[in-house]
Amino acid sequence: MRFRTPDGPITIKDEILGEATLPAGEVDDFVIRKADGFPTYHFAVVVDDELMGVTHVLRAQEHFNNTAKHIVLQDALGFRRPTYGHLPLIFNPDGSKMSKRDKDKVLRKTVTDRKLAEPPAGTVDAARFTAWLGDKNTQLDYEEANRLANALDVALPEINVDDFRRSGYLPEVVCNFLALNGWSPGENREKFDNAFLTQAFDLSRVVKTPAKFDRVKLLSFNCDAITGMSREDFVRRAKSHGETYHAEFMRKLTPTQFESLAGASHERSKTDMFRGNRFLVLADDAFVYDAKAAEKNLRGAEPNGVSHLRALRALLAEVKAWEPAALEAAIKAYADAHTEGQLGKVAQPLRVAVSGGTVSPPIFDTLSILGRDSSLARIDRAIKQFG
RNA sequence: GGCCCCAUCGUCUAGCCCGGUCUAGGACACCACCCUUUCACGGUGGGGACAGGGGUUCGAAUCCCCUUGGGGUCACCA
(Lines give C-alpha, C1' and ligand atoms only; values in the text may rest on other atoms or scores of the structure.)
Protein backbone atom coordinates (compact mmCIF):
# COMPACT_ATOMS: atom_id res chain seq x y z
CA MET A 1 0.00 0.00 0.00
CA ARG A 2 1.39 3.33 -1.05
CA PHE A 3 0.92 6.80 0.29
CA ARG A 4 0.01 9.34 -2.36
CA THR A 5 2.50 12.15 -1.99
CA PRO A 6 0.82 15.55 -2.32
CA ASP A 7 1.88 17.79 -5.20
CA GLY A 8 4.13 20.69 -4.43
CA PRO A 9 7.55 21.30 -3.00
CA ILE A 10 8.46 20.06 0.47
CA THR A 11 10.51 22.17 2.82
CA ILE A 12 12.59 20.53 5.52
CA LYS A 13 13.65 22.61 8.49
CA ASP A 14 16.78 21.30 10.10
CA GLU A 15 18.58 22.64 13.15
CA ILE A 16 21.95 21.73 11.72
CA LEU A 17 21.63 21.99 7.97
CA GLY A 18 19.16 24.85 7.86
CA GLU A 19 16.29 24.83 5.42
CA ALA A 20 16.12 22.84 2.22
CA THR A 21 13.31 22.55 -0.27
CA LEU A 22 12.78 19.54 -2.46
CA PRO A 23 11.07 20.50 -5.74
CA ALA A 24 7.60 19.13 -6.44
CA GLY A 25 7.64 15.61 -7.81
CA GLU A 26 10.90 14.67 -6.08
CA VAL A 27 9.24 12.39 -3.60
CA ASP A 28 7.48 9.47 -5.22
CA ASP A 29 4.45 7.81 -3.77
CA PHE A 30 5.97 5.41 -1.32
CA VAL A 31 5.02 2.14 0.32
CA ILE A 32 3.68 2.43 3.84
CA ARG A 33 2.37 -1.12 4.22
CA LYS A 34 4.21 -4.12 2.90
CA ALA A 35 2.60 -7.14 1.28
CA ASP A 36 3.19 -9.07 4.48
CA GLY A 37 1.05 -6.57 6.36
CA PHE A 38 3.89 -4.90 8.21
CA PRO A 39 4.26 -1.15 8.05
CA THR A 40 7.43 0.18 6.47
CA TYR A 41 9.98 2.09 8.50
CA HIS A 42 8.74 5.43 7.19
CA PHE A 43 5.20 4.83 8.34
CA ALA A 44 6.09 3.19 11.61
CA VAL A 45 8.58 5.83 12.68
CA VAL A 46 6.13 8.65 12.11
CA VAL A 47 3.35 6.98 14.06
CA ASP A 48 5.69 5.89 16.80
CA ASP A 49 7.22 9.31 17.25
CA GLU A 50 3.80 10.91 17.52
CA LEU A 51 2.58 8.38 20.05
CA MET A 52 5.75 8.69 22.07
CA GLY A 53 5.59 12.45 22.02
CA VAL A 54 9.05 12.67 20.52
CA THR A 55 10.18 16.29 20.30
CA HIS A 56 13.62 16.00 18.68
CA VAL A 57 14.80 13.65 15.98
CA LEU A 58 18.58 13.60 15.76
CA ARG A 59 19.89 11.13 13.23
CA ALA A 60 22.53 10.70 10.58
CA GLN A 61 22.54 12.83 7.45
CA GLU A 62 21.78 9.81 5.30
CA HIS A 63 18.21 10.21 6.54
CA PHE A 64 17.87 13.77 5.34
CA ASN A 65 15.88 13.00 2.22
CA ASN A 66 13.67 10.56 4.11
CA THR A 67 12.57 13.42 6.26
CA ALA A 68 10.47 14.73 3.40
CA LYS A 69 8.46 11.52 3.47
CA HIS A 70 7.99 11.80 7.18
CA ILE A 71 6.83 15.37 6.95
CA VAL A 72 4.12 14.71 4.36
CA LEU A 73 2.95 11.76 6.39
CA GLN A 74 2.77 13.87 9.55
CA ASP A 75 0.77 16.53 7.72
CA ALA A 76 -1.65 13.96 6.32
CA LEU A 77 -2.19 12.40 9.72
CA GLY A 78 -2.44 15.68 11.59
CA PHE A 79 0.61 14.88 13.68
CA ARG A 80 2.93 17.31 15.39
CA ARG A 81 6.28 17.86 13.73
CA PRO A 82 9.36 17.20 15.80
CA THR A 83 12.50 19.30 15.53
CA TYR A 84 14.96 17.70 13.15
CA GLY A 85 18.73 17.66 13.27
CA HIS A 86 20.78 15.64 10.81
CA LEU A 87 24.21 14.86 12.15
CA PRO A 88 27.27 14.49 9.94
CA LEU A 89 28.32 11.01 8.93
CA ILE A 90 31.45 9.33 10.22
CA PHE A 91 33.90 8.04 7.65
CA ASN A 92 36.82 5.71 7.54
CA PRO A 93 40.18 7.25 6.63
CA ASP A 94 39.65 6.22 3.00
CA GLY A 95 36.45 8.25 2.82
CA SER A 96 34.05 5.33 2.88
CA LYS A 97 31.23 5.39 5.36
CA MET A 98 32.15 3.82 8.68
CA SER A 99 29.80 0.92 8.91
CA LYS A 100 28.92 -2.12 10.93
CA ARG A 101 29.62 -4.09 7.80
CA ASP A 102 33.28 -3.09 7.76
CA LYS A 103 34.39 -6.22 9.60
CA ASP A 104 32.74 -8.41 6.99
CA LYS A 105 34.39 -6.28 4.34
CA VAL A 106 37.85 -7.02 5.71
CA LEU A 107 37.13 -10.72 5.98
CA ARG A 108 35.53 -10.99 2.57
CA LYS A 109 38.45 -9.26 0.96
CA THR A 110 40.96 -11.52 2.70
CA VAL A 111 39.06 -14.63 1.72
CA THR A 112 38.80 -13.46 -1.88
CA ASP A 113 42.44 -12.37 -2.08
CA ARG A 114 43.61 -15.72 -0.81
CA LYS A 115 41.16 -17.54 -3.05
CA LEU A 116 39.75 -19.61 -0.21
CA ALA A 117 36.88 -21.75 -1.43
CA GLU A 118 36.18 -23.27 1.96
CA PRO A 119 36.06 -21.82 5.44
CA PRO A 120 39.04 -22.68 7.67
CA ALA A 121 38.14 -25.61 9.91
CA GLY A 122 36.16 -24.76 13.00
CA THR A 123 35.27 -21.22 12.00
CA VAL A 124 32.05 -20.95 10.03
CA ASP A 125 29.59 -23.49 8.70
CA ALA A 126 30.42 -24.28 5.07
CA ALA A 127 27.00 -23.50 3.64
CA ARG A 128 26.81 -20.29 5.60
CA PHE A 129 30.30 -19.38 4.44
CA THR A 130 29.32 -19.71 0.80
CA ALA A 131 26.14 -17.71 1.29
CA TRP A 132 28.06 -15.02 3.15
CA LEU A 133 30.76 -14.83 0.52
CA GLY A 134 28.21 -14.33 -2.23
CA ASP A 135 26.06 -11.71 -0.54
CA LYS A 136 27.53 -8.45 0.62
CA ASN A 137 24.51 -7.80 2.84
CA THR A 138 25.00 -10.89 4.94
CA GLN A 139 26.85 -10.31 8.17
CA LEU A 140 28.70 -12.88 10.19
CA ASP A 141 27.84 -12.77 13.85
CA TYR A 142 30.36 -11.67 16.42
CA GLU A 143 31.77 -15.10 17.24
CA GLU A 144 31.91 -16.29 13.66
CA ALA A 145 33.73 -13.17 12.54
CA ASN A 146 36.26 -13.52 15.34
CA ARG A 147 36.95 -17.17 14.69
CA LEU A 148 37.43 -16.49 11.00
CA ALA A 149 39.67 -13.49 11.67
CA ASN A 150 41.75 -15.57 14.02
CA ALA A 151 42.13 -18.39 11.54
CA LEU A 152 43.10 -15.94 8.80
CA ASP A 153 45.32 -13.98 11.16
CA VAL A 154 43.82 -10.62 10.26
CA ALA A 155 42.83 -7.85 12.64
CA LEU A 156 39.22 -6.70 12.66
CA PRO A 157 38.55 -3.00 13.13
CA GLU A 158 36.71 -1.87 16.23
CA ILE A 159 33.28 -0.74 15.09
CA ASN A 160 30.69 -1.36 17.78
CA VAL A 161 30.87 0.36 21.13
CA ASP A 162 31.59 -2.98 22.72
CA ASP A 163 34.55 -3.53 20.40
CA PHE A 164 36.17 -0.41 21.78
CA ARG A 165 35.42 -1.36 25.33
CA ARG A 166 36.81 -4.81 24.80
CA SER A 167 39.98 -3.32 23.37
CA GLY A 168 40.51 -1.27 26.49
CA TYR A 169 39.11 2.11 25.52
CA LEU A 170 37.59 3.90 28.47
CA PRO A 171 33.85 4.61 28.05
CA GLU A 172 34.25 8.25 29.02
CA VAL A 173 37.02 8.67 26.45
CA VAL A 174 34.93 7.16 23.69
CA CYS A 175 32.07 9.55 24.53
CA ASN A 176 34.43 12.48 24.60
CA PHE A 177 36.05 11.58 21.31
CA LEU A 178 32.81 10.78 19.53
CA ALA A 179 31.38 14.12 20.57
CA LEU A 180 34.35 15.77 18.90
CA ASN A 181 33.47 14.22 15.57
CA GLY A 182 31.01 16.79 14.32
CA TRP A 183 30.87 19.06 17.31
CA SER A 184 33.22 21.08 19.47
CA PRO A 185 32.74 23.36 22.45
CA GLY A 186 35.15 25.94 21.03
CA GLU A 187 37.72 27.82 23.05
CA ASN A 188 40.37 25.23 22.20
CA ARG A 189 38.82 22.78 24.57
CA GLU A 190 38.64 19.15 23.59
CA LYS A 191 39.03 17.08 26.71
CA PHE A 192 35.87 16.94 28.82
CA ASP A 193 33.62 14.60 30.73
CA ASN A 194 29.98 13.72 30.20
CA ALA A 195 28.80 16.25 32.76
CA PHE A 196 30.39 19.01 30.73
CA LEU A 197 29.04 17.53 27.52
CA THR A 198 25.46 17.47 28.79
CA GLN A 199 25.53 21.10 29.74
CA ALA A 200 27.61 22.40 26.82
CA PHE A 201 26.27 20.40 23.89
CA ASP A 202 24.32 22.52 21.48
CA LEU A 203 22.95 21.73 18.04
CA SER A 204 24.01 25.12 16.79
CA ARG A 205 27.65 24.08 17.10
CA VAL A 206 27.31 20.85 15.19
CA VAL A 207 29.22 20.99 11.91
CA LYS A 208 27.77 20.03 8.55
CA THR A 209 30.74 18.13 7.22
CA PRO A 210 31.42 14.43 7.61
CA ALA A 211 34.28 13.45 9.89
CA LYS A 212 36.93 10.86 9.26
CA PHE A 213 37.31 8.72 12.31
CA ASP A 214 40.88 9.14 13.56
CA ARG A 215 41.74 6.06 15.57
CA VAL A 216 45.23 7.33 16.30
CA LYS A 217 43.87 10.39 18.04
CA LEU A 218 41.37 8.28 19.97
CA LEU A 219 44.27 6.14 21.12
CA SER A 220 46.16 9.20 22.24
CA PHE A 221 43.14 10.42 24.23
CA ASN A 222 42.80 7.04 25.85
CA CYS A 223 46.48 6.95 26.74
CA ASP A 224 46.23 10.39 28.32
CA ALA A 225 43.21 9.35 30.34
CA ILE A 226 44.95 6.24 31.60
CA THR A 227 48.12 8.09 32.49
CA GLY A 228 46.03 10.65 34.30
CA MET A 229 44.40 8.07 36.58
CA SER A 230 45.62 7.35 40.05
CA ARG A 231 47.45 4.08 40.43
CA GLU A 232 44.60 2.67 42.53
CA ASP A 233 42.02 3.57 39.91
CA PHE A 234 44.10 2.05 37.19
CA VAL A 235 44.63 -1.23 39.02
CA ARG A 236 40.95 -1.40 39.94
CA ARG A 237 39.70 -0.73 36.45
CA ALA A 238 42.31 -2.94 34.83
CA LYS A 239 41.27 -5.76 37.12
CA SER A 240 37.62 -5.34 36.33
CA HIS A 241 38.36 -5.14 32.63
CA GLY A 242 40.55 -8.23 32.82
CA GLU A 243 37.91 -10.21 34.64
CA THR A 244 35.33 -9.35 32.02
CA TYR A 245 37.37 -9.74 28.87
CA HIS A 246 40.51 -11.69 29.73
CA ALA A 247 39.38 -14.18 32.32
CA GLU A 248 41.88 -16.78 31.17
CA PHE A 249 44.74 -14.34 31.55
CA MET A 250 43.58 -13.30 35.00
CA ARG A 251 43.30 -16.90 36.17
CA LYS A 252 46.93 -17.52 35.36
CA LEU A 253 48.27 -14.69 37.47
CA THR A 254 48.22 -14.47 41.23
CA PRO A 255 46.83 -11.25 42.73
CA THR A 256 50.38 -10.23 43.57
CA GLN A 257 51.60 -10.86 40.05
CA PHE A 258 48.67 -8.91 38.69
CA GLU A 259 49.38 -5.94 40.93
CA SER A 260 53.00 -5.90 39.85
CA LEU A 261 52.01 -6.06 36.23
CA ALA A 262 49.41 -3.33 36.59
CA GLY A 263 51.81 -1.11 38.49
CA ALA A 264 54.50 -1.57 35.87
CA SER A 265 52.08 -1.09 32.99
CA HIS A 266 50.19 1.95 34.16
CA GLU A 267 52.33 4.62 32.54
CA ARG A 268 52.80 2.80 29.27
CA SER A 269 49.27 1.57 28.62
CA LYS A 270 47.50 3.06 25.67
CA THR A 271 44.58 0.69 25.88
CA ASP A 272 44.71 -2.43 27.94
CA MET A 273 47.76 -4.35 29.08
CA PHE A 274 46.48 -7.81 28.31
CA ARG A 275 47.05 -8.37 24.65
CA GLY A 276 50.59 -7.02 24.63
CA ASN A 277 51.63 -9.09 27.61
CA ARG A 278 50.23 -12.40 26.55
CA PHE A 279 53.74 -13.90 26.81
CA LEU A 280 53.35 -13.74 30.59
CA VAL A 281 50.61 -16.34 30.65
CA LEU A 282 51.84 -18.64 27.89
CA ALA A 283 53.88 -21.72 28.69
CA ASP A 284 57.65 -21.26 28.72
CA ASP A 285 58.01 -23.24 25.51
CA ALA A 286 54.89 -21.89 23.83
CA PHE A 287 55.44 -18.19 23.18
CA VAL A 288 57.04 -17.33 19.86
CA TYR A 289 60.32 -15.52 19.33
CA ASP A 290 60.12 -12.59 16.98
CA ALA A 291 62.70 -13.38 14.31
CA LYS A 292 63.89 -9.82 13.83
CA ALA A 293 64.13 -9.13 17.54
CA ALA A 294 66.13 -12.31 18.12
CA GLU A 295 68.45 -11.64 15.21
CA LYS A 296 69.22 -8.16 16.42
CA ASN A 297 69.52 -8.80 20.14
CA LEU A 298 70.72 -12.35 20.49
CA ARG A 299 72.94 -13.00 17.52
CA GLY A 300 75.73 -11.01 15.94
CA ALA A 301 79.39 -10.64 16.71
CA GLU A 302 80.71 -11.82 20.09
CA PRO A 303 80.09 -10.85 22.74
CA ASN A 304 76.51 -11.11 21.54
CA GLY A 305 73.21 -11.43 23.34
CA VAL A 306 73.45 -15.14 23.79
CA SER A 307 76.87 -14.93 25.38
CA HIS A 308 75.50 -12.40 27.86
CA LEU A 309 72.54 -14.67 28.50
CA ARG A 310 74.86 -17.55 29.39
CA ALA A 311 76.65 -15.43 31.96
CA LEU A 312 73.41 -13.90 33.25
CA ARG A 313 71.80 -17.28 33.53
CA ALA A 314 74.41 -18.44 36.02
CA LEU A 315 74.25 -15.17 37.87
CA LEU A 316 70.46 -15.08 38.15
CA ALA A 317 70.32 -18.63 39.39
CA GLU A 318 72.15 -17.37 42.44
CA VAL A 319 69.96 -14.34 43.16
CA LYS A 320 68.59 -14.77 46.69
CA ALA A 321 65.35 -12.80 46.62
CA TRP A 322 63.57 -12.95 43.24
CA GLU A 323 62.13 -9.47 43.27
CA PRO A 324 62.72 -6.33 41.22
CA ALA A 325 65.26 -4.58 43.46
CA ALA A 326 67.53 -7.59 43.86
CA LEU A 327 67.28 -8.45 40.16
CA GLU A 328 68.10 -4.90 39.25
CA ALA A 329 71.16 -4.92 41.50
CA ALA A 330 72.46 -8.16 40.04
CA ILE A 331 71.88 -7.20 36.42
CA LYS A 332 73.29 -3.73 36.86
CA ALA A 333 76.40 -5.14 38.46
CA TYR A 334 76.84 -7.36 35.45
CA ALA A 335 76.34 -4.47 33.06
CA ASP A 336 78.90 -2.37 34.95
CA ALA A 337 81.46 -5.15 34.72
CA HIS A 338 80.87 -6.31 31.15
CA THR A 339 79.10 -3.71 29.02
CA GLU A 340 80.53 -0.46 30.39
CA GLY A 341 77.34 0.08 32.32
CA GLN A 342 75.13 0.00 29.23
CA LEU A 343 72.09 -1.74 30.59
CA GLY A 344 70.39 -1.89 27.22
CA LYS A 345 73.06 -4.29 26.00
CA VAL A 346 71.93 -6.88 28.53
CA ALA A 347 68.34 -5.84 29.17
CA GLN A 348 67.24 -6.28 25.56
CA PRO A 349 68.65 -9.81 25.15
CA LEU A 350 66.96 -10.73 28.40
CA ARG A 351 63.71 -9.19 27.29
CA VAL A 352 63.73 -11.04 24.00
CA ALA A 353 64.62 -14.27 25.78
CA VAL A 354 61.74 -14.14 28.24
CA SER A 355 59.07 -12.30 26.23
CA GLY A 356 59.88 -13.11 22.62
CA GLY A 357 59.96 -9.46 21.58
CA THR A 358 61.49 -6.09 22.31
CA VAL A 359 58.60 -4.50 24.15
CA SER A 360 57.54 -5.40 27.68
CA PRO A 361 57.14 -3.85 31.09
CA PRO A 362 60.45 -2.87 32.73
CA ILE A 363 62.72 -5.90 32.60
CA PHE A 364 63.11 -6.28 36.35
CA ASP A 365 59.35 -6.29 36.85
CA THR A 366 58.94 -8.68 33.99
CA LEU A 367 61.40 -11.18 35.45
CA SER A 368 59.89 -10.78 38.86
CA ILE A 369 56.37 -11.47 37.60
CA LEU A 370 57.50 -14.49 35.63
CA GLY A 371 59.28 -15.96 38.63
CA ARG A 372 62.65 -17.64 38.83
CA ASP A 373 61.74 -20.97 37.26
CA SER A 374 60.01 -19.52 34.21
CA SER A 375 62.65 -16.86 33.69
CA LEU A 376 65.50 -19.35 33.75
CA ALA A 377 63.62 -21.84 31.59
CA ARG A 378 63.00 -19.15 29.01
CA ILE A 379 66.61 -18.02 29.06
CA ASP A 380 67.68 -21.62 28.54
CA ARG A 381 65.29 -21.93 25.66
CA ALA A 382 66.69 -18.83 23.99
CA ILE A 383 70.28 -19.97 24.46
CA LYS A 384 69.45 -23.32 22.95
CA GLN A 385 67.54 -21.88 20.07
CA PHE A 386 69.83 -19.01 19.11
CA GLY A 387 73.21 -20.03 20.56
C1' G B 1 22.15 10.65 -14.01
C1' G B 2 17.86 13.66 -11.16
C1' C B 3 17.36 15.96 -6.50
C1' C B 4 19.52 17.61 -1.82
C1' C B 5 23.74 18.90 1.20
C1' C B 6 28.74 20.31 2.00
C1' A B 7 33.99 22.62 1.19
C1' U B 8 39.87 25.99 6.79
C1' C B 9 46.62 22.26 8.06
C1' G B 10 47.48 14.85 6.50
C1' U B 11 43.11 14.24 10.26
C1' C B 12 39.42 16.36 14.02
C1' U B 13 38.34 21.33 14.37
C1' A B 14 38.28 27.17 16.23
C1' G B 15 37.25 31.47 13.49
C1' C B 16 32.24 32.42 9.40
C1' C B 17 25.88 33.93 11.22
C1' C B 18 27.22 39.99 13.42
C1' G B 19 33.57 41.53 7.15
C1' G B 20 38.93 44.69 9.89
C1' U B 21 41.66 42.28 16.42
C1' C B 22 43.69 36.12 11.31
C1' U B 23 51.22 37.43 8.88
C1' A B 24 44.24 31.96 10.46
C1' G B 25 44.30 29.37 16.84
C1' G B 26 44.21 24.31 19.19
C1' A B 27 44.53 18.96 19.16
C1' C B 28 46.25 14.18 16.94
C1' A B 29 49.89 12.76 13.45
C1' C B 30 54.73 14.08 11.24
C1' C B 31 60.08 16.06 11.47
C1' A B 32 64.27 17.81 14.61
C1' C B 33 66.55 18.30 19.20
C1' C B 34 66.49 17.31 24.61
C1' C B 35 65.45 13.72 28.53
C1' U B 36 65.96 8.42 29.08
C1' U B 37 69.80 2.02 32.12
C1' U B 38 64.33 -1.35 27.32
C1' C B 39 59.63 0.09 25.01
C1' A B 40 56.97 4.11 26.09
C1' C B 41 56.01 8.87 28.63
C1' G B 42 57.62 13.87 28.92
C1' G B 43 59.93 18.72 27.25
C1' U B 44 61.36 22.39 23.41
C1' G B 45 61.21 23.85 18.49
C1' G B 46 59.55 23.19 13.28
C1' G B 47 56.92 22.31 8.59
C1' G B 48 51.71 22.27 7.44
C1' A B 49 45.21 24.95 5.47
C1' C B 50 41.13 29.40 4.09
C1' A B 51 39.63 24.30 -3.34
C1' G B 52 39.74 27.75 -7.96
C1' G B 53 37.68 32.02 -10.41
C1' G B 54 34.69 36.18 -10.49
C1' G B 55 32.09 39.90 -7.88
C1' U B 56 30.38 43.37 -3.40
C1' U B 57 33.51 46.45 -0.14
C1' C B 58 38.30 51.21 1.81
C1' G B 59 38.93 46.03 3.55
C1' A B 60 36.67 38.93 2.73
C1' A B 61 38.52 32.69 5.56
C1' U B 62 34.12 35.52 6.78
C1' C B 63 28.71 38.19 2.15
C1' C B 64 26.97 36.89 -3.33
C1' C B 65 27.63 34.07 -8.06
C1' C B 66 30.06 30.40 -11.08
C1' U B 67 33.42 26.27 -11.60
C1' U B 68 35.68 22.17 -9.47
C1' G B 69 35.67 18.58 -5.77
C1' G B 70 33.33 15.53 -1.96
C1' G B 71 29.05 13.35 0.25
C1' G B 72 23.91 11.78 0.78
C1' U B 73 19.53 9.90 -1.48
C1' C B 74 16.58 7.88 -5.29
C1' A B 75 13.90 -0.26 -1.87
C1' C B 76 7.37 -3.72 -0.08
C1' C B 77 15.91 -2.26 4.43
C1' A B 78 15.95 0.26 8.56
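Not measured: the values here are computed from a predicted model. Order of the sequence lines fixes the chain letters, A, B, ..., with proteins taken first and strands second; residue numbering starts at 1 for each chain.
Rounded to a whole Å, the CZ atom of Arg33(A) is 21 Å from the P atom of rA75(B). For Ile32(A) and rA78(B), the CD1 to C1' distance is 17 Å, given to the nearest whole Å. At whole-Å resolution of the value, CZ in Phe192(A) and C1' in rA14(B) are 14 Å apart. Atom CG of Asn92(A) is separated from atom C1' of rG71(B) by 14 Å (rounded to the nearest Å). Atom CG of Leu178(A) and atom P of rC12(B) are 14 Å apart (whole Å). One can place CZ of Arg215(A) at 16 Å from C1' of rA29(B), the figure rounded to the nearest angstrom. Leu219(A) places its CG atom 20 Å from the P atom of rU11(B), with the value rounded to the nearest Å.
Of the side-chain N and O atoms in Arg205(A), none sit less than 4.0 angstrom from OP1 or OP2 of rC16(B). In this structure, Lys34(A) reaches the rA78(B) phosphate: one of its side-chain N or O atoms is under 4.0 Å from OP1 or OP2.
Under the 4.5 Å side-chain criterion, counting only non-hydrogen atoms from C-beta, Tyr169(A) is not in contact with Phe177(A). Counting heavy atoms from C-beta on, the side chains of Ile10(A) and Glu26(A) never come closer than 4.5 Å.
For Asp224(A), whose side chain is taken as the heavy atoms from C-beta onward, the closest listed nucleotide among rG42(B), rC76(B), rU11(B) is rG42(B). Relative to the side chain of Val216(A), the nucleotides rC28(B), rA78(B), rU37(B) differ in distance, and rC28(B) lies closest. The side chain of Arg2(A) lies closest to rC76(B), out of rC76(B), rC5(B), rG71(B). Which of rU38(B), rG72(B), rG25(B) sits closest to the side chain of Lys97(A) comes down to rG72(B). Taking the side chain of Asn188(A) as heavy atoms from C-beta on, and the options rG72(B), rG25(B), rU38(B), the nearest nucleotide is rG25(B). Taking every side-chain heavy atom of Asn66(A) into account, rA78(B) is the closest of rC28(B), rU38(B), rA78(B). The side chain of Thr209(A) lies closest to rC6(B) when the candidates are rA78(B), rC6(B), rC76(B). Here the nucleotide nearest the side chain of His63(A), chosen from rA78(B), rG72(B), rC12(B), is rA78(B). Here the side chain of Leu22(A) is nearest to one of rC12(B), rG26(B), rC4(B), namely rC4(B).
Evaluated for a salt bridge (charged side-chain N to carboxylate O under 4.0 Å, His left out) with Asp163(A), the options Lys103(A), Lys100(A), Arg215(A) yield exactly one hit, Lys103(A).
Not a single donor-acceptor contact under 3.5 angstrom links the side-chain atoms of Lys217(A) to the base of rA29(B). Checked by distance alone, Lys332(A) brings a side-chain donor or acceptor within 3.5 Å of a matching partner on the base of rU37(B).
With C1' as the reference atom, rC35(B) and rG71(B) are 46 Å apart, rounded to whole Å.
Between Ser184(A) and Thr227(A), it is Ser184(A) whose nearest contact on RNA chain B lies nearer the 5' terminus. Between Cys223(A) and Met1(A), the one whose closest nucleotide on RNA chain B sits nearer the 5' end is Cys223(A).
Among the atoms of the strands shown, only primed sugar atoms or phosphate atoms (P, OP1, OP2) are found under 4.0 Å from some heavy atom of Phe91(A). Glu190(A) comes within contact range of at least one nucleobase, with a heavy-atom separation under 4.0 Å. Within the 4.0 angstrom heavy-atom criterion, no nucleotide atom of any strand lies near Gly18(A). Note on Glu26(A): a base of the nucleic acid sits closer than 4.0 angstrom, heavy atoms only. Backbone-only contact: Val207(A) has heavy atoms under 4.0 Å from sugar-phosphate atoms and none from a base. Using a 4.0 Å heavy-atom cutoff across all strands shown, Pro93(A) reaches no nucleic acid atom at all. Heavy atoms of Asp36(A) sit nowhere under 4.0 angstrom from any nucleic acid atom. Contacts of Leu89(A) with the nucleic acid, taken as non-hydrogen atoms under 4.0 Å apart, involve only primed sugar atoms and P, OP1 or OP2. Within the 4.0 angstrom heavy-atom criterion, only backbone atoms of the sugar-phosphate kind lie near Ala20(A); the bases stay farther away. Residue Ser269(A) is classed as having no contact, given no heavy-atom separation below 4.0 Å to the nucleic acid. Within 4.0 Å (heavy atoms only), His42(A) reaches at least one base atom of the nucleic acid.
When the shell of 6.0 Å around CD of Gln199(A) is examined, it contains more than 12 heavy atoms from other residues, nucleotides or ligands.
A syn orientation is assigned to rC41(B), its glycosidic angle lying within 90° of 0.
Under the 6.0 Å cut-off for aromatic ring centres, His308(A) and Tyr334(A) qualify, their centroids lying closer than that.
Across every strand in view, rU36(B) sits unpaired, with no contact that passes the Watson-Crick or G-U test at under 3.5 angstrom.
Phe287(A) carries Arg381(A) over the face of its six-membered ring, with the cationic atom under 6.0 Å from the centre and within 45° of the normal. Annotation: cation-pi pair Arg378(A)/Phe279(A) absent, no NZ/CZ under 6.0 Å from the ring centroid and within 45° of its normal.
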